[in-house]
There are 2 protein chains.
Amino acid sequence: MRIGELSEHTGTPRRLLRYYEEQGLIVPDRCANGYRDYAEAYVDRVLQIRGLLDAGLPTRIIKQILPCLGRPRTIEIPEATPETIATLERELDRMTARIRCLSRNRDAVADYLDAVRTGTVGAGGG
Amino acid sequence: MRIGELSEHTGTPRRLLRYYEEQGLIVPDRCANGYRDYAEAYVDRVLQIRGLLDAGLPTRIIKQILPCLGRPRTIEIPEATPETIATLERELDRMTARIRCLSRNRDAVADYLDAVRTGTVGAGGG
DNA sequence: GTTGACCCTCACATCAGTGTGAGGGTTTGA
DNA sequence: TCAAACCCTCACACTGATGTGAGGGTCAAC
């Protein structure tokens with residue numbers, strides 16, 4: 001599919017699809033006329049990229065973790081340099097920390113909203 | 001405590017402590033000479049702010065969720081305008097989505113690293 | 001062969017978070 | 001009084017993710 005179609009399917013501006021490519025996150029084929037040609041799988045890939053970006057990961061890191069996602073059975077171990085492994089281990093820790101932080105704060109916000117909705121504050125509601 | 005001390009305790013550049021203040025995330029007292037004077041509790045607060053920033057939340061949102069954190073028993077319901085409530089509900093959803101996305105990808109990275117470490121790929125390890 | 005909807009490559013602009021430094025006051029200690 | 005180590009307020013600059021537009025090619029429909 002071409003960039004316009006992918007843009008629609010993923011709700012992502014064309015500009016960003018080109019940007020992700022510039023950052024090496026996606027590498028679409030090219031038609032004879034120079035148009036980008038995306039495989040079907042890029043819909044999920046782009047959605048994943050956007051989710052990770054939204055979660056605070058920079059494109060540089062996303063680029064490194066993308067290769068180990070999506071095909072748990074066909075992991076390409078040979079592609080993993082010791083350097084990449086180290087980066088992944090570091091990022092694994094950071095992601096875990098992020099999840100913990102987000103979870104804690106999410107729960108707190110949820111508790112707050114609960115209290116607001118029931119008009120209750122623990123002080124007895126009055 | 002003064003800004004230098006808070007900076008040390010939180011590993012946060014002075015510049016950023018001033019920036020967080022500029023964004024309304026923290027509001028230190030001032031000494032007679034104009035120096036900022038931070039209560040002990042700001043250490044945790046700043047750490048929390050940095051965790052949320054790292055998780056992708058912008059200061060604008062952090063500012064809104066901060067008031068409902070830290071004191072689950074003394075929530076100040078009256079401070080919650082309907083607008084704030086709506087924002088919080090929206091952010092709650094987004095945080096949940098972020099957590100899901102991060103968890104899924106975290107697990108995938110963990111699986112990948114596991115496979116690399118055991119030299120196993122399902123293909124038999126080469 | 002012209003129009004309109006696509007696509008392309010720049011390239012400048014914006015916003016948030018952060019670095020860095022200029023220019024200057026305060027406090028502490030020799 | 002002077003120096004060192006703090007603090008202050010600007011203010012410019014960078015990076016990363018994104019918006020926007022200029023200038024121009026491609027292709028299908030008329």
Side-chain angles (χ1 to χ4, degrees), chain A residues 1-39 42 45-66 87 91 94 97-98 101-102, chain B residues 1-39 42 45-66 87 91 94-95 97-98 101-102 105:
Chain A
M1 86 192 81
R2 290 188 302 187
I3 198 169
E5 199 178 343
L6 182 61
S7 172
E8 269 181 29
H9 287 355
T10 60
T12 306
R14 279 149 250 245
R15 170 71 174 88
L16 289 189
L17 295 176
R18 298 198 185 99
Y19 175 68
Y20 300 155
E21 177 181 349
E22 188 185 313
Q23 299 305 305
L25 301 188
I26 53 185
V27 186
D29 289 337
R30 294 284 181 149
C31 300
N33 60 12
Y35 288 12
R36 290 170 178 81
D37 182 29
Y38 299 91
Y42 274 110
R45 176 110 321 183
V46 167
L47 257 18
Q48 189 157 34
I49 289 171
R50 287 177 72 75
L52 289 171
L53 276 174
D54 185 61
L57 278 78
T59 52
R60 179 178 40 87
I61 299 301
I62 295 175
K63 182 179 177 179
Q64 295 204 270
I65 77 175
L66 275 184
T87 300
E91 282 311 310
R94 295 197 62 194
R98 256 185 269 251
C101 178
L102 277 173
Chain B
M1 85 191 80
R2 291 189 301 185
I3 198 168
E5 198 177 344
L6 182 61
S7 172
E8 270 182 27
H9 287 354
T10 61
T12 306
R14 278 149 252 246
R15 169 70 174 89
L16 289 189
L17 295 175
R18 298 198 185 100
Y19 174 69
Y20 299 156
E21 178 180 348
E22 188 184 314
Q23 300 303 307
L25 301 186
I26 52 185
V27 186
D29 290 337
R30 293 285 182 150
C31 301
N33 58 14
Y35 287 12
R36 290 170 179 80
D37 182 29
Y38 299 90
Y42 275 109
R45 174 107 325 181
V46 168
L47 258 18
Q48 191 156 33
I49 289 171
R50 288 177 72 75
L52 289 171
L53 275 175
D54 184 62
L57 279 76
T59 53
R60 179 176 41 85
I61 298 302
I62 295 175
K63 182 178 175 179
Q64 296 205 271
I65 79 175
L66 274 183
T87 300
E91 283 310 310
R94 295 196 61 192
M95 289 169 84
R98 255 184 270 251
C101 177
L102 276 173
N105 285 289

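Values below: every heavy atom of this structure, side chains too, minus hydrogens, waters and symmetry copies.
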**Nearest-angstrom distance from the residue atom CZ of A/R14 to P of D/dG19** = 12 Å
**Message:** Regarding A/R50 and A/T12, do their side chains bring together a donor and an acceptor under 3.5 Å, going by distance alone?
**Reply:** yes
**Asked** Where each residue is assigned the nucleotide of DNA chain C containing its nearest heavy atom, which of A/G4 and B/R50 is assigned the position nearer the 5′ end?
**Response** A/G4
**Request:** Please identify each residue that fulfils side chain to side chain donor-acceptor pair (under 3.5 Å) with A/D37, with sequence neighbours left out.
**Result:** none
**Complete:** Per the under-4.0 Å heavy-atom filter, residues of residues 15-26 of chain B near DNA chain D come out as B/R15, B/R18
**Request:** Using heavy atoms and a sub-4.0 Å distance, could you list which residues of residues 29-39 of chain B are near DNA chain D? By number, please.
**Result:** B/R30, B/G34, B/Y35, B/R36
**Prompt:** For residues 51-64 of chain A, which residues have at least one heavy atom under 4.0 Å from DNA chain C?
**Reply:** none
For the residue pair [X] and [Y], what are the closest heavy atoms and their distance?
X	Y	answer
A/L66	A/Q48	CD2-OE1, 4.5 Å
B/G51	A/C101	C-SG, 3.6 Å
B/E21	B/P28	OE1-CG, 3.5 Å

**Item:** N/O donor-acceptor pair under 3.5 Å between A/T10 side chain and A/L6 backbone
**Value:** yes
**Asked** How long is the span from the CZ atom in A/R30 to the CZ atom in A/R36, to the nearest 0.5 Å?
**Response** 4.0 Å
**Item:** CZ on B/R18 to OG on B/S7, rounded to 0.5 Å
**Value:** 9.0 Å
**Message:** Give me each pair satisfying ring-ring contact (aromatic ring centres under 6.0 Å, His included) with a member in residues 8-38 of chain B, each pair once, sequence neighbours excluded.
**Reply:** B/Y38-B/Y42
Return all side-chain donor-acceptor pairs below 3.5 angstrom for residues 53-65 of chain A, not counting sequence neighbours, or 'none' if the list is empty.
from	atom 1	to	atom 2	distance (Å)
A/D54	OD1	B/R94	NH2	2.7
A/D54	OD1	B/R98	NH1	3.4
A/D54	OD2	B/R98	NH1	3.3

**Request:** Considering just the side-chain nitrogens and oxygens of B/R2, establish if one lies under 4.0 Å of OP1 or OP2 belonging to D/dC6.
**Result:** no
